[in-house]
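See below for the structure under consideration.
Quantities reported herein were computed from a predicted structural model and do not represent experimental measurements. Below, chains carry the letters A, B, ... as their sequence lines are ordered, and counting in each starts from 1.
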Protein chains: 2
Amino acid sequence: MPSTRPLRADAARNRALLLAAAADEFAERGLDASVADIARRAGVGKGTVFRHFATKDDLIAAIVLDRINALNAVGEQLLEAADPGTALLEFLTAAARQRQQRDLSFLQEAGELNAEVTQARTKMFRTIHTLLDRAREHGAVRADVTGTDIILLMCAPNYVTSYVSEASPDLWQRYLAIIFDGLRPEGAHPLPQPPPAVS
Amino acid sequence: MPSTRPLRADAARNRALLLAAAADEFAERGLDASVADIARRAGVGKGTVFRHFATKDDLIAAIVLDRINALNAVGEQLLEAADPGTALLEFLTAAARQRQQRDLSFLQEAGELNAEVTQARTKMFRTIHTLLDRAREHGAVRADVTGTDIILLMCAPNYVTSYVSEASPDLWQRYLAIIFDGLRPEGAHPLPQPPPAVS
DNA sequence: CAATAAACGGACCGCGCGGTCAACTTGCTA
DNA sequence: TAGCAAGTTGACCGCGCGGTCCGTTTATTG
């Protein structure tokens with residue numbers, strides 16, 4: 001598919017260095033991390049950043065794309081799992097762990113309008129829908145919950161714990177457990193609002 | 001307590017105009033809303049902003065303070081309620097509704113280091129702890145949940161729905177219901193992590 | 001090894017930001 | 001109503017940002 005010639009060796013190395021440095025810098029400094037600092041951290045000149053990524057947003061999109069693909073790979077592997085209920089829980093655990101290690105959630109909306117990113121995200125959403133459907137058919141999840149609900153709730157445990165800084169790095173597991181209890185069929189109360197329609 | 005003389009009439013009016021304009025502008029544009037735009041929206045000069053609030057962060061802190069106090073007033077009123085279980089649910093509903101009308105969550109950390117804000121927040125946290133304790137004693141909430149858990153989970157419904165833009169404005173109620181189901185004693189599974197210690 | 005295109009680096013640009021200031025206007029009070 | 005402190009204003013400042021450009025370096029290839 002890519003009709004472009006392969007990158008020169010040094011260019012490929014620098015591209016990888018840049019992606020890693022940018023992810024670190026964004027994780028530490030948030031969206032306001034400057035391109036100049038990222039370049040310094042990667043040990044390259046500022047011009048090199050813009051040679052690889054036409055704009056700062058393109059750089060962000062490249063990072064987001066990598067993470068979505070990594071998560072989707074986990075999800076697709078879990079489609080083969082024996083127990084659909086624990087498969088869903090394990091996927092949510094993997095998602096939360098990825099964000100725990102490096103919280104780049106604020107990059108999501110910045111990479112929103114990139115075509116490749118939306119495509120990868122749609123693919124991951126399909127995986128999630130399938131994981132959820134199987135868990136529901138298996139009776140591990142209440143009947144009135146949809147795949148879109150899961151997508152929306154997926155990052156809540158990290159969000160919740162992001163406000164308590166000196167906490168155990170595994171605190172998110174507590175809130176994933178609470179939320180997952182809310183997703184179980186036992187003791188479920190009727191939901192006051194219909195699920196959102198999106199993808 | 002305040003030994004300062006009262007504001008001149010026009011100054012008081014402008015201060016109120018500024019707070020309202022700033023809240024609107026922040027809600028629309030996020031943290032990056034510029035002081036110049038806020039001044040324009042309030043119909044005053046840029047210099048006036050800095051006369052009332054020494055720095056942009058001070059302006060943010062003033063907005064945050066207002067919102068915390070408003071929420072705490074609701075909480076204190078609910079301490080008198082007959083049913084502690086629904087009182088807790090109603091408090092969480094009020095908190096979510098405030099954020100639904102104008103999501104200024106991103107201002108929280110900006111106003112973090114302001115003394116007045118932390119004081120008001122501590123006061124509200126105490127209210128929440130009391131609401132939770134009564135609900136737990138009443139058997140409306142699982143025994144292994146603490147007030148700090150509630151504080152952390154409080155804003156999750158809005159966070160969750162903030163990613164779906166064309167959704168019903170009441171969608172947060174769906175996720176508040178799911179999370180609240182996870183807080184109930186029926187069907188609760190043991191939690192994998194201890195609660196955080198903070199206030 | 002020579003030729004060449006690809007990649008690099010960092011000085012440079014324009015912009016918009018938060019914040020300042022001194023000249024001006026206005027509400028308060030005696 | 002006169003006097004003045006309190007309040008207002010917008011031009012202005014320095015800074016750091018994203019992005020550009022071109023002279024230089026370097027990997028590749030026949």
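As rounded to whole Å, 14 Å separates atom C1' of D:dG7 from atom CZ of B:F53. The nearest whole Å value for the distance from the CD1 atom in A:I38 to the C1' atom in D:dG16 is 15 Å. Spacing between atom CG of B:L7 and atom C1' of D:dA5 amounts to 14 Å, rounded to whole angstrom units. Separating the CZ atom of A:R51 from the C1' atom of D:dG23 is a distance of 14 Å, rounded to the nearest angstrom.
Closest approach of B:H189 to A:D181, counting heavy atoms only: N-OD2, 2.8 Å.
For the residue pair B:S168 / B:D170, no side-chain donor-acceptor distance below 3.5 Å is found, with atom types taken as modelled. A donor atom on one side chain and an acceptor atom on the other are not found under 3.5 Å apart for A:N158 and A:Y175.
Under 4.0 angstrom from either OP1 or OP2 of C:dA7 there lies no side-chain N or O belonging to A:H52. Listed pair A:T48 / C:dG9 meets the phosphate criterion, a side-chain N or O lying under 4.0 Å from OP1 or OP2.
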* Stepwise side-chain hydrogen bond (donor to acceptor under 3.5 Å, both in side chains) test for B:T127 and B:N72 -> CA-CA 7 Å; B:T127 308; B:N72 187 50; 2.8 Å; yes
Table of protein N/O atoms under 3.5 Å from nucleotides 17-21 of chain D N/O atoms:
from	atom 1	to	atom 2	distance (Å)
D:dG18	OP1	A:K56	NZ	2.6
D:dG18	OP2	A:V35	N	2.9
D:dG18	N7	A:K46	NZ	3.4
D:dG19	OP1	A:T55	OG1	3.0
D:dG19	OP2	A:T55	OG1	3.2
D:dG19	OP2	A:K56	N	2.8
D:dG19	N7	A:K46	NZ	3.3
D:dG19	O6	A:K46	NZ	2.2

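Interface remark: the B:R8 side chain does form a donor-acceptor pair with the D:dA6 base, using a distance-only criterion of under 3.5 Å.
Looking at A:R41 and A:E28, a side-chain N of the basic residue comes within less than 4.0 Å of a carboxylate O on the acidic one, giving a salt bridge. Between A:R13 and A:D10 no salt bridge is recorded (no basic side-chain N to carboxylate O distance below 4.0 Å).
Within 6.0 Å of CD in A:E109 there are 12 or fewer heavy atoms belonging to other residues, nucleotides or ligands.
Residues from residues 10-22 of chain A lying near DNA chain C, meaning a heavy-atom separation below 4.0 Å, are A:D10, A:A11, A:N14 in numerical order.
Annotation: the span from B:K56 atom NZ to B:F26 atom CZ amounts to 5.0 Å, rounded to 0.5 Å.
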